[in-house]
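Atoms within a ligand are numbered from 1 in the order they appear, just like the ligands themselves. Values below: all heavy atoms of this structure, side chains included; hydrogens, waters and symmetry mates excluded.
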Amino acid sequence: MDKFCTILLISSFFIASTHATSSKEAEKWFKNVPHRKEKFVKLHFYIQDALGGPNATIWEVARAQVTANSPTSFGQVRVLDDLIIAEPDHNSKKLGRAQGLIASAGLHESSLTMNINFVFMAGPYNGSTLCIAGWNPIERVNRELPVIGGTGILRMARGFSISNTYSYDPIKDLGVLEYTVYVSYF
Ligand SMILES: *[C@@H]1O[C@H](CO)[C@@H](O)[C@H](O)[C@H]1NC(C)=O
Ligand SMILES: *[C@@H]1O[C@H](CO)[C@@H](O)[C@H](O)[C@H]1NC(C)=O
């Protein structure tokens with residue numbers, strides 16, 4: 001066997017063994033689901049949406065021919081990586097990132113079709129994620145979106161979130177959104 005094949009064999013062994021370890025944990029966790037108690041929690045945090053300037057956290061990646069002339073920016077697709085903070089103030093505790101894809105999908109009303117992942121990097125859910133996806137009519141209050149899943153501590157999460165625009169600073173082009181998430185998980 002030549003050297004390359006040996007390296008390949010050793011590295012695939014390591015990949016296989018690390019994979020096996022994580023699957024074992026998942027197997028064990030899953031088998032135990034019927035004995036786990038469903039937990040219900042309410043999470044409350046803010047998301048900082050930096051819309052402009054070199055440090056913007058939301059960027060356009062595509063638009064349709066009609067987007068520029070559409071009052072609702074129909075056809076615009078954006079990717080975001082927003083900061084999640086505990087309080088509306090920029091210097092409050094950083095809890096993680098909200099990463100995802102949003103598409104302006106309303107022809108007659110400003111609304112987004114979105115897929116956002118809350119990636120928690122501090123606090124009791126550090127390392128866990130929640131996935132929200134759905135319809136977001138951004139000019140309304142108390143916008144409700146489904147929580148469709150989670151990972152880590154939040155495995156098998158489901159629920160919904162209520163969000164509102166907390167503030168918008170036109171000088172900094174900075175929006176702050178308030179989210180309350182009602183979720184159950186195992
Ligand atoms: C952008 O971020 C960099 C690095 O954190 C910072 O030095 C710079 O002042 C920021 N620029 C603006 C316009 O906020
Ligand atoms: C979050 O978890 C990571 C990985 O376990 C750890 O390195 C980090 O220090 C934690 N962060 C906080 C703020 O607890």
TODO: Might you work through the salt bridge (Lys or Arg N to Asp or Glu O under 4.0 Å) test for E25 and R155, ending with a clear yes or no?
DONE: CA-CA 13 Å; E25 185 277 328; R155 272 179 183 165; 3.1 Å; yes
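Using a distance-only test at 3.5 Å, with no hydrogens or angles considered, no donor-acceptor pair links the side chain of T129 to the main chain of N117.
Inter-residue side-chain proximity for L51 and Y168 is flagged as met; some heavy-atom pair is nearer than 4.5 Å. Side-chain contact between S104 and L112: present, with at least one pair of heavy atoms (C-beta onward) separated by less than 4.5 Å.
Among protein heavy atoms, atom 5 (O) of ligand 1 sits closest to N55 ND2, 4.8 Å. Here the protein heavy atom with the shortest distance to atom 8 (C) of ligand 2 is N126 ND2, 3.8 Å.
Judged purely by distance below 3.5 Å, without hydrogens or angles, the side chains of S184 and E38 pair a donor atom with an acceptor atom.
Against a heavy-atom cut-off of under 4.0 Å, M121 is close to the following atoms of ligand 2: 1 (C), 11 (N), 12 (C), 13 (C). Heavy-atom proximity to A122, at under 4.0 Å, picks out these atoms of ligand 2: 13 (C).
The presence of a protein heavy atom under 4.0 Å from atom 2 (O) of ligand 2 is confirmed. Note that atom 14 (O) of ligand 2 has protein non-hydrogen atoms nearby, at separations under 4.0 angstrom.
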